[in-house]
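Chain letters run A, B, ... following the sequence lines, proteins first, then strands; residues in each count from 1.
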Amino acid sequence: MSEVRQSAEAPPRFSPELVQAALAELRVYDSLRQDKLAFAPRDSGHVTMYFCGPTVYNYIHLGNARPFVISLVAKRFFESLGWGVTLVENITDIDDRIIAKGNQDGRSWKDVAEEFSDAYVEDTQRLGLGRPDIEPRATEHIPEILELIGKLVERKHAYPAGGDVYFDVSSFTGYGKLSKQQTGEMRSGARIAPDEDKHDPLDFAVWKGAKPDEPSWDSPWGPGRPGWHIECSAMSLKYLGAGFDIHGGGRDLIFPHHENEVAQSEAALGETFVRFWAHNGMLLTQEEKMSKSLGNIFLLRNALEEYEPEELILYFMSSHYRSPMEFSRELLDEARQQVERLRNQFRTLGDYPGAAEADAPADEATLASLVQHQEAFVREMADDLNTAGALGEIFALTRKVNSALASRSLSQTAAETLRNALAELLYVLGLEAVTRVEFSLPEEIVEMAEERQRRRAARDFAEADRLRDAITERGYEVRDVPGGFKLVPLV
RNA sequence: GGCGACGUGGCCGAGUGGCUUAGGCACGGGUCUGCAAAACCCGCUACACCGGUUCAAUUCCGGUCGUCGCCUCCA
């Protein structure tokens with residue numbers, strides 16, 4: 001693509017009026033309390049968020065990308081209210097699956113973890129949303145993990161057995177509160193694997209004793225590695241402290257991952273672990289969950305070969321984060337059309353000649369619409385991050401702006417105001433790329449377009465059309481506009 | 001079986017006790033244009049089914065049917 005990608009502009013700060021409108025409505029759904037509740041950060045003016053990132057044994061797919069996108073959009077929204085945000089997103093780089101992948105490929109687990117950590121950062125980086133503030137690796141937090149396990153053992157919430165250390169589910173009365181599972185029900189279906197020494201089928205490993213040829217770290221309970229779940233507790237608590245604001249991740253993590261996190265964290269702390277649990281819906285392909293085990297996945301890196309980042313982001317923004325979301329090429333193609341519509345608006349705004357101030361009858365009404373849609377936008381976002389509703393407001397405003405633009409009844413200053421305001425809203429949704437319509441044109445193309453204009457003027461339409469086809473072949477579209485032409489790169 | 005969520009017009013997708021014809025895509029008609037594209041205007045106007053509550057229900061309650069997710073791989 002030839003359009004120039006500039007560096008991300010500074011996050012916008014909404015006007016006091018807009019911030020006030022948002023704060024009056026601000027509510028976030030909490031999976032634990034199963035209700036949308038008023039939200040204010042624990043630390044005044046500063047939001048603390050932790051989202052579960054990937055276990056790196058493979059490239060991430062679009063389903064994995066959803067929480068990443070959501071978390072960064074949430075961060076932008078909170079920042080636009082004038083708050084600071086610390087977003088932590090972990091990379092789990094030691095796990096059974098990583099070891100298995102290494103064995104399968106005949107290489108070290110470390111090699112696997114490094115390759116796919118790098119790939120994850122690279123792929124998500126290409127989305128252009130920026131990065132979480134902290135991206136801690138499990139293997140770099142073994143001391144914190146051991147400290148947490150030590151606390152659990154000391155408080156009799158965990159016990160060593162056969163080289164492993166297990167969390168004692170029966171010691172934590174709240175077990176099951178997040179996933180709404182009854183421990184009795186769960187026990188009836190659970191089994192203990194032959195090589196495990198846990199006392200209760202529901203107990204889970206916080207430390208796994210090393211078997212021959214497995215990676216291990218020293219610990220008071222013998223060499224081993226962290227169990228799944230404990231790294232997220234240790235790292236979120238290290239960077240955000242007990243009772244941080246929002247813990248997010250896919251719905252499918254509610255059990256066992258987050259349930260176990262709550263149990264071990266609160267057992268160790270003796271106080272509330274997280275204030276709001278935010279879980280995003282699954283991506284479905286043909287009504288079925290997109291999942292590595294089902295093999296119906298679309299890798300983010302493959303998607304980025306075919307689609308622009310903003311097209312993928314708009315696709316994600318077009319439905320509420322908690323809803324399950326159908327995935328298909330048709331929907332991505334539709335998102336592409338919508339991106340194009342937004343981009344066209346900025347193209348028009350970019351070289352809009354403007355009516356004379358005295359002759360701009362649409363100014364008043366359009367600027368009034370702007371205020372109305374801006375307010376509606378922040379209210380939608382404040383309502384549990386309703387990006388789909390917010391996007392609807394942007395498009396509603398887009399139509400009004402285009403309409404005024406088409407009739408040339410908008411002043412240059414009003415057009416400028418609208419352009420900046422729209423850019424601000426789009427930035428919050430991670431769609432600032434659609435505002436960047438500057439690009440460099442090869443001289444050859446410009447000359448061809450100019451020649452075509454001369455042919456048209458001479459009514460030599462056959463040659464004019466031939467030139468247009470030639471320009472199209474070189475990747476540009478010619479649009480005739482009053483008094484000239486416009487060249488636009490083809491999608 | 002237990003737990004959770006959901007069924008909106010051709011498709012996607014917000015939302016609400018009685019004017020949002022949300023919004024987008026697609027489609028049809030028109031304006032503009034040599035043609036085309038973009039843009040604008042107009043049209044297509046729904047709320048799974050059956051009861052109940054209500055002056056009024058797509059929105060509240062109950063039931064039926066259907067769908068999805070979780071119940072130790074899973075974003």
Side-chain angles (χ1 to χ4, degrees), chain A residues 31 34 51-55 57 60-68 70-71 95-97 100 176 179-182 184-186 188-191 193 201-205 228-229 248-257 259-260 279-284 287-294 297 314-315 318-320 322-326 328 330-331 333-338 340-345 347-348 376 380 383 386-399 401-407 456 459-462 464-465 468-469 472 477-482 485-486 488:
Chain A
S31 306
Q34 298 177 283
F51 267 68
C52 283
T55 297
Y57 64 102
I60 67 160
H61 57 69
L62 284 178
N64 301 308
R66 175 130 95 141
F68 180 88
I70 290 164
S71 65
D95 174 88
D96 291 0
R97 290 162 290 173
S179 59
K180 319 301 171 201
Q181 301 276 318
Q182 302 299 318
E185 287 285 342
M186 288 191 279
S188 64
R191 286 182 305 116
L202 297 186
D203 291 351
F204 56 90
W228 185 40
H229 321 306
R251 268 199 94 79
D252 55 354
L253 291 182
I254 290 177
F255 193 88
H257 188 55
E259 189 70 63
N260 291 354
H279 291 105
N280 63 271
M282 300 292 100
L283 236 52
L284 310 172
E287 314 254 295
E288 219 177 28
K289 180 178 157 184
M290 181 180 285
S291 126
K292 291 171 195 172
S293 52
L294 290 170
I297 58 173
L314 190 141
Y315 160 73
S318 70
S319 109
H320 185 89
R322 280 192 284 122
S323 303
M325 192 176 189
E326 185 65 26
S328 70
E330 288 68 30
L331 291 172
D333 290 342
E334 192 178 300
R336 167 168 292 172
Q337 288 306 117
Q338 294 180 262
E340 189 57 16
R341 177 169 169 75
L342 293 171
R343 191 165 271 146
N344 278 329
Q345 172 173 235
R347 290 186 175 117
T348 310
E380 294 286 8
D383 181 12
N386 188 350
T387 56
L391 192 57
E393 296 302 327
I394 288 180
F395 277 113
L397 179 58
T398 288
R399 175 177 298 269
V401 171
N402 276 334
S403 182
L405 250 23
S407 59
R456 287 181 68 214
R459 305 196 67 78
D460 181 1
F461 297 120
D465 288 347
R468 177 167 54 202
D469 290 344
T472 304
E477 179 186 322
V478 196
R479 295 176 187 169
D480 294 327
V481 295
F485 60 86
K486 182 182 288 201
V488 167

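For Ser403(A), taking side-chain heavy atoms from C-beta onward, the closest of the listed nucleotides A39(B), G34(B), C41(B) is C41(B). For Arg459(A), the listed nucleotide lying nearest its side chain is G34(B); candidates were A75(B), G34(B), C40(B). Looking at the side chain of Arg479(A), the nearest of the listed nucleotides G34(B), A37(B), C68(B) is A37(B). The nucleotide whose nearest atom lies closest to any side-chain atom of Phe255(A) is, among C70(B), C68(B), C3(B), C70(B). The side chain of Arg97(A) approaches C74(B) more closely than any other nucleotide in the set C40(B), C74(B), C3(B).
Spacing of P atoms, A75(B) relative to U16(B), comes out at 32 Å, to the nearest Å. Nucleotides U54(B) and C61(B) are separated by 12 Å at their C1' atoms, to the nearest Å. Atom P of G30(B) sits at a distance of 44 Å from the matching atom of U67(B), rounded to the whole Å. Comparing the C1' positions of C60(B) and U72(B) gives a spacing of 38 Å, expressed to the nearest Å. For C73(B) and G15(B), the P atoms lie 34 Å apart once the distance is rounded to whole Å. When the C1' atom is compared between G51(B) and G69(B), the two are found 30 Å apart, to the nearest whole Å. Distance check on atom P: A48(B) versus U8(B) gives 7 Å, rounded to whole Å. On the P atoms, G13(B) is 33 Å away from G52(B), given to the nearest whole Å.
For the pair Asp252(A) CG and G69(B) P, the interatomic distance rounds to 11 Å; values are reported in whole Å. The nearest whole Å value for the distance from the CD atom in Glu340(A) to the P atom in A38(B) is 8 Å. Atom NZ in Lys289(A) sits roughly 11 Å away from atom C1' in C68(B) (whole-Å rounding). Taking atom NE2 of His257(A) as the reference point, atom P of C71(B) lies 14 Å away to the nearest angstrom. If you measure from atom OH of Tyr57(A) to atom C1' of C74(B), you get 6 Å, rounded to the nearest angstrom. One interatomic measurement links the two molecules: NE2 of His279(A) to P of C71(B), which rounds to 13 Å at whole-angstrom precision. Put simply, CD on Gln181(A) is 12 Å from P on G2(B), counting in whole angstrom units. Rounded to a whole Å, the CZ atom of Phe461(A) is 12 Å from the C1' atom of A36(B).
Stretches of at least 3 consecutive Watson-Crick or G-U wobble pairs, with each checked distance under 3.5 Å, appear in RNA chain B as B:1-7 with B:65-71, B:10-12 with B:23-25, B:27-31 with B:39-43, B:48-52 with B:60-64.
Residue contacts shown for Gly249(A) are limited to sugar-phosphate atoms, with no base heavy atom under 4.0 Å away. At the heavy-atom level, Gly281(A) lies under 4.0 Å from base atoms of the strands shown. Among the protein residues, Ile394(A) comes within range of no part of the nucleic acid, since none of its heavy atoms lies under 4.0 Å from any strand. Asn344(A) comes within contact range of the sugar-phosphate backbone alone, with a heavy-atom separation under 4.0 Å but no base atom that close. Within the nucleic acid shown, Gln345(A) has no heavy atom closer than 4.0 Å to any nucleic acid atom. Counting non-hydrogen atoms under 4.0 angstrom, Val481(A) reaches nothing in the nucleic acid.
Summarising the geometry of Trp228(A) relative to Pro256(A), their closest heavy-atom pair is CZ3-CG, 4.2 Å, with the distance given to 0.1 Å. Of all the heavy atoms in Gly176(A) and Glu259(A), the pair that sits closest is N-OE2, 2.8 Å. The minimum heavy-atom distance between Thr387(A) and Ser319(A), with the atom names listed, is OG1-O, 3.5 Å. Residues Phe461(A) and Arg456(A) share a closest heavy-atom pair of CE2-O, 3.9 Å.
In this model, no side-chain donor or acceptor of Asp96(A) finds a partner on the base of C73(B) within 3.5 Å. Applying the 3.5 Å distance criterion, the base of A75(B) shares no donor-acceptor pair with the side chain of Arg251(A).
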| request: Tell me, with the steps shown, if Asn344(A) and Arg341(A) meet side chain to side chain donor-acceptor pair (under 3.5 Å). | output: CA-CA 5 Å; Asn344(A) 278 329; Arg341(A) 177 169 169 75; over 6 Å; no
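The OG atom of Ser291(A) sits 11.0 Å away from the CG atom of Leu284(A) when rounded to the nearest 0.5 Å. Once rounded to the nearest 0.5 Å, the distance linking CZ of Arg336(A) with CG of Leu314(A) reads 12.0 Å.
Checked for salt-bridge contact, Lys486(A) and Asp480(A) miss the test: no charged N lies under 4.0 Å from a carboxylate O.
Ring geometry for His257(A) versus His229(A): interplanar angle of 30 to 60°, hence tilted.
Between Asn260(A) and Gly250(A), the residue anchored closer to the 5' end of RNA chain B is Asn260(A), taking for each the nucleotide with the nearest heavy atom.
Side-chain N or O atoms of Asp383(A) include none that pairs as donor or acceptor with a backbone N or O of Asn386(A) at under 3.5 Å. Although no hydrogens or angles enter the test, the distance criterion places a donor-acceptor pair under 3.5 Å between the side chain of Thr398(A) and the main chain of Ile394(A).
With sequence neighbours excluded, the residues satisfying salt bridge (Lys or Arg N to Asp or Glu O under 4.0 Å) with Arg479(A) are Glu340(A), Glu477(A).
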| remark: Per-nt protein contacts along nucleotides 9-24 of chain B (heavy atom under 4.0 Å; B base, S backbone sugar-phosphate only, - none) come out as --BSSSS------BSB
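Between Asn402(A) and A39(B), a side-chain N or O to OP1/OP2 separation shorter than 4.0 Å is absent.
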